[in-house]
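Indexing begins at 1, ligand by ligand and atom by atom, following the structure's order.
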Amino acid sequence: MNKDALTINAIRFLSVDAIEKANSGHPGLPLGAAPMAYTLWADHLNINPKDEKWFNRDRFVLSAGHGSSMLYSLLHLYGYGVSIDDIKDFRQLNSITPGHPEYGMTSGVDSSTGPLGQGISMAVGMAMAETHLAAKYNRDGMEIVDHYTYALCGDGDLMEGIGYEACSLAGTMKLNKLIVLYDSNSISIEGNTDIAFTEDVVERFKGFHWQVIEVEDGNDIDQISIAIENAKKDLERPTLIKITTQIGYGSPKVDQAAAHGAPLGEGGIAETRAELGWNYAPFEVPAEVYESTKAQLTNKEAVYDDWKTLEAEYGKAYPELYAQLMRDIAGELPENLFDEEFFTFEKDLASRAASGVSLNRIAAKVDNLFGGSADLGPSNQTEMKNAAWYSPEDRSGKNIHFGVREHAMAAIGNGISLHGGLHPYVGTFLVFSDYMKGAMRLSSLMEVPMTYVLTHDSIGVGEDGPTHQPIEHLAMLRSIPNMIAFRPADAVETAVGWKLAMESKKTPVSLILSRQTLPNLEGSSLEAEKGAYVIGRENGALDLIIMGSGSEVSLALEAKAELEALGHGVRVVSVPSMKLFDEQTSEYKESVLPADVRNRISIEAASTFGWGKYVGLDGVSIGIDTFGASGPAGDVYKHFNITSEEIVQKAKVLLK
Ligand SMILES: Cc1ncc(C[n+]2csc(CCOP(=O)(O)OP(=O)(O)O)c2C)c(N)n1
């Protein structure tokens, strides 16, 4: 067996032995796709395990995340911090080799994958980020940003809708440095893909304006390598390399769905060893394999060293640009970005408009924002006025037209964020956050500080009616671990939301913004950063607390005035973010919501779900637990009793 075959088999057997030991995992993919993964890693992928976050490394996304065991085998053989013991710990609690690749957990993993379609879409974002940063920073042949983005996907990734959206945009944007290896084995869990997936993928990708290269034999590493070379040569189009493989290659379950997701079993593994001529014990890797990958790494190190030399030269030739690049990579913000002026607004604004103002104030001083909307830019107010639109002709544009593709937009945003050097944001209507949920969940899980601009946040949408009026969405966003759902009550609080979003390092922020104008509130302040704060303090003894978020805070303040005229001491608490409030000290929480004050009312033009923890058993939640209705916004608010009168009425009952 030559060194290539030996290494490919080492990848295969490390993977299937790990699965066997864990008694859980997906052997089909590593057995079939090891040759393509090996070819890429051995001969093309520019990486340096000694500097795993090297900014100019090629990115690799295993979109078919269920093949994680193969990725861990590669990471082990290519010198990352994955030991044989780690591989033996595959899928065990607290191991660094979890069931699906997890960003931030395992050195060398560029993104979390597993939810099919997300990976390939994040790869599109990474490729987009590369082109943008290259345009911004490369000078006079000094290509400080110049790398490829590779993804390895399966049939499942290409069946998922999100992949269609993302790959369509990649074609329009001519992301020629995006190269996707398609493990085309025509098998998924329920059987042959013919049962549900008969389209012509090749023609489809051609229709997306991709280059498509076909490799008939998944074991032919020379052809795979040539295909990758040809992919690099196309300077106009992304490339899909469709590589025909056999799931479970070499095993008794070859070409069967049964190979997809269950261990081969002792007998099955023994047969596979015999079939592939692998005479090594489980987890044993012949020395020649390590020697071979080490030699390949030496070549990769030479590429890395060249880049380091270039970096030093670039730093001398363009010290300011270089310093800026370093700041962008570190995510540093200019000092005094959030000065008094930032929180000053002359007139009442819809919070989506205040968001547009805040974004543009930031964009005047921060150079690395990169974002846009899913065809709702004018409504979402997501355009940076001082910047051009990103396109194949102008890679330096910072505003992105995502088209009507919410799910891919969010995943692409994740990819941009994972790439580094940029602060992405994406916008749509709050009601369509449903379409983005899969990617929003991954932002939160991967701890990437994405910013979601979600406007038209309630029945205040009015005439567009229940299909466009979010009800349960706030509860949904609030329920995602590590997601800050921030619904500001006025312009100042909106600016605070943007401050949080910009300063966040590990937490995505959803800014939930009104379509309709909101009055600037007297008591609104930077205190909003604490998630909840007293925006209207009681006169005299505290009899009642009214809390709410966004557009309903002003209703609470109106009710307070009315109730105080009747002699009651009423406090209004603005709650832009339950999560941030829950993270405060118990002293602070007590100072805002004293435990002995049990007369409490919450008001929000949305599902009441979640408010119970603040209003308690004696309190009342005013909200909407049905779908909305079409009509002028004012009428709809009245129809659902989202009014100050309703608060007063409920308060009178409580205060009796
Ligand atoms: C969004 C999503 N839906 C469903 C699954 C469950 N799932 C994991 S792998 C798989 C089939 C994938 O088939 P394919 O990409 O052909 O992989 P192969 O069988 O070749 O390993 C499914 C449905 C998932 N991981 N993500």
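Residue Ile187 has at least one heavy-atom neighbour below 4.0 Å for each of these atoms of ligand 1: 14 (P), 16 (O), 18 (P), 19 (O), 20 (O). Using a 4.0 Å cut-off to heavy atoms of His66, the atoms of ligand 1 that qualify are 9 (S), 17 (O), 18 (P), 21 (O). The ligand atoms of ligand 1 that sit less than 4.0 angstrom from a heavy atom of Glu160 are 1 (C), 2 (C), 3 (N). Set against the non-hydrogen atoms of Gly154, the atoms of ligand 1 under 4.0 Å away are 15 (O). Less than 4.0 angstrom separates some heavy atom of Ile189 from each of these atoms of ligand 1: 7 (N), 10 (C), 11 (C), 22 (C), 23 (C). Counting atoms of ligand 1 from 1 in the listed order, those under 4.0 Å from a heavy atom of Ile247 are 18 (P), 19 (O), 20 (O), 21 (O). Of all the atoms in ligand 1, the ones that sit under 4.0 Å from a non-hydrogen atom of Gly156 are 13 (O), 14 (P), 15 (O), 16 (O).
Taking each of Asp155, Leu31, Leu116 in turn, the one with a heavy atom nearest to atom 2 (C) of ligand 1 proves to be Leu116.
Residue contact annotation: Gly114 has a non-hydrogen atom under 4.0 Å from ligand 1. Under the 4.0 angstrom criterion for non-hydrogen atoms, Pro115 is in contact with ligand 1. Heavy atoms of His260 come nearer than 4.0 angstrom to ligand 1 in at least one pair.
Taking the six-membered ring for Trp and thresholds of 30 and 60 degrees, Phe205 and Trp210 have ring planes more than 60 degrees apart, a perpendicular arrangement. Note on ring orientation: taking the six-membered ring where Trp is involved, the planes of His26 and His100 are tilted (angle from 30° to 60°). Ring geometry for Tyr78 against Trp41 counts as tilted: the plane angle lies between 30° and 60°, on a 0 to 90° scale.
Seen from the ring of Tyr148, Lys232 counts as a face-on cation partner, given the 6.0 Å and 45° thresholds.
Under 4.0 Å from ligand 1, not a single heavy atom of Thr193 appears. Counting heavy atoms under 4.0 Å from ligand 1, residue Ser188 touches it through both backbone and side chain.
Here salt bridge (charged side-chain N to carboxylate O under 4.0 Å, His left out) pairs that include residues 469-486, with residues two or more places apart or in two chains, are Arg478-Glu604. Among pairs with a residue in residues 158-176, those fulfilling salt bridge (charged side-chain N to carboxylate O under 4.0 Å, His left out) read Lys174-Glu236, at least two apart in sequence or across chains.
Side chains of Asp89 and Thr97: a donor-acceptor N/O pair is absent below 3.5 angstrom, by distance only.
The 12-atom threshold is not exceeded at NZ of Lys506, counting heavy atoms of other residues, nucleotides or ligands nearer than 6.0 Å.
Side-chain N or O atoms of Thr507 include none that pairs as donor or acceptor with a backbone N or O of Ser504 at under 3.5 Å.
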